[in-house]
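Below: one structure, written as structure tokens.
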Amino acid sequence: MFRPAPSPIYTLRGAGGPLNTLHFSCKGGNTPLLFSGSGKGAIHVWNLDTRRAEKIVEGHSGHSVVWVGTLQETDALVSQGRDMRVCLWDLSEGRGEVTDSVWTGSVGFCQCSVLETSPSARLLAFAGHQTEEIKVIELPGKTPVCTLVPDAKLGMVMCIKLWQPDSGHGPLLVAGYEDGSLLLWDVTQRSALSRVKAHPEPVMCLTFDLQGLRGVSGSSEKRLSAWMLDRQNNLQLQDYVALVNPGVSQLCVRGDGRLLASAGWDHRVRVFGWKKLRPLAVLQYHTDMVLSVAFSDHRDPGQRLLAAGSKDHRVSLWSIYNEGAHTG
């Protein structure tokens, strides 16, 4: 017997533009927050207790905001816009100021990736001025670390993910390219370790589960591509997951490694069990393309939320598969 399709527990309105990116900050005893970045250049800081925007800041000269995140050590906000800048913000004690920025030279939609290497230092990876290049710098000093350019012609860099493996080796970065390839980079050695052709179309999005050493990517086609990293740091294609309709904007794995959510061009959010990629739910609420999905980082599993941002200017929040539910 099928369970009825769930409805959002509530929605957030008033963003005034397409919601390209979402990020939760719900740890600790502070007010649970959701950050959203819009196509009109605004960053909203939503208070999840009052379900209202407690702050709205604009630091990208009206250009589309493509990514927002927070630094774990300081809770500082980081944003990326199509004005070719990555901005660091001070939002403490009522402030809303850009304290520093990095010029990327890229006008594309590739979201940057941040890796915190110590309480006071972090790596920032972003698509560079040249079509195929990825630049990695160290912050706060903006010291260049490396520039990664593939030997083969793979086209534009579409999406990247930077992480520190548990093995103790230097940081790794996986990148999706315009020709449908995934390429794994060793940042310290500045060398390509492995490459696979995951899609016939450009890789639009990817996510990577560090605990399981598994990833999944999406494109404009009617399927997701799952892949893994073996002990020799080789990318290996695994299963394909068929989709009813083509096009995925973003993918996100929940922190406990049990759920995968996809943002669909067909106005729907799809939820899968991450272990076997079994379809679990189709969430229907939005009236236009879903552009972003994010799982909350609540310490209490019962409070965990899934947020979806859409081209219809709305954010929907859902409570699904939180306690004891079998996902598979």
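Between I160 and A127, the shortest heavy-atom distance links the atoms CD1-N, 4.5 Å.
Checked by atom type, the side-chain pair S310/H267 shows no donor-acceptor distance below 3.5 Å. S64 and R82 share no side-chain donor-acceptor pair at under 3.5 Å. Donor-acceptor pairing under 3.5 Å is recorded for the side chains of S217 and W227. In the model, W265 has a side-chain atom that pairs as donor or acceptor with a side-chain atom of S249 under 3.5 Å. Under 3.5 Å, the side chains of W318 and S316 contain a donor-acceptor pair of N or O atoms. For H44 and S38, the side-chain atoms include no donor-acceptor pair closer than 3.5 Å. Side-chain N/O atoms of S292 and N20 include no donor and acceptor closer than 3.5 Å. At a cut-off of 3.5 Å, with distance as the only test, no side-chain donor of S296 or R254 sits close to an acceptor on the other residue.
A salt bridge links D100 with K142: the distance from a Lys NZ or Arg NE/NH1/NH2 to an Asp or Glu carboxylate oxygen falls below 4.0 Å. In this structure, R214 does not pair ionically with D209, as no charged nitrogen and carboxylate oxygen lie closer than 4.0 Å. Ionic pairing of R304 and D256 is present here: one or more N-O contacts between side-chain nitrogen and carboxylate oxygen are shorter than 4.0 angstrom.
Note: M204 CE to S219 OG = 8.0 Å, rounded to the nearest 0.5 Å.
Two rings, from F35 and W46, have their centers 6.0 Å or more apart.
Annotation for D151: atom CG does not count as buried by contact number, only 12 or fewer foreign heavy atoms lying within 6.0 Å. Taking a 6.0 Å sphere around CZ of R95, one finds it holds more than 12 heavy atoms contributed by other residues, nucleotides or ligands. Atom NZ of K40 has 12 or fewer neighbouring heavy atoms from other residues, nucleotides or ligands inside a 6.0 Å radius. The neighbour count for Q238 CD, taken as heavy atoms of other residues, nucleotides or ligands under 6.0 Å away, is above 12.
Ring geometry for H298 versus F24: interplanar angle of 30 to 60°, hence tilted.
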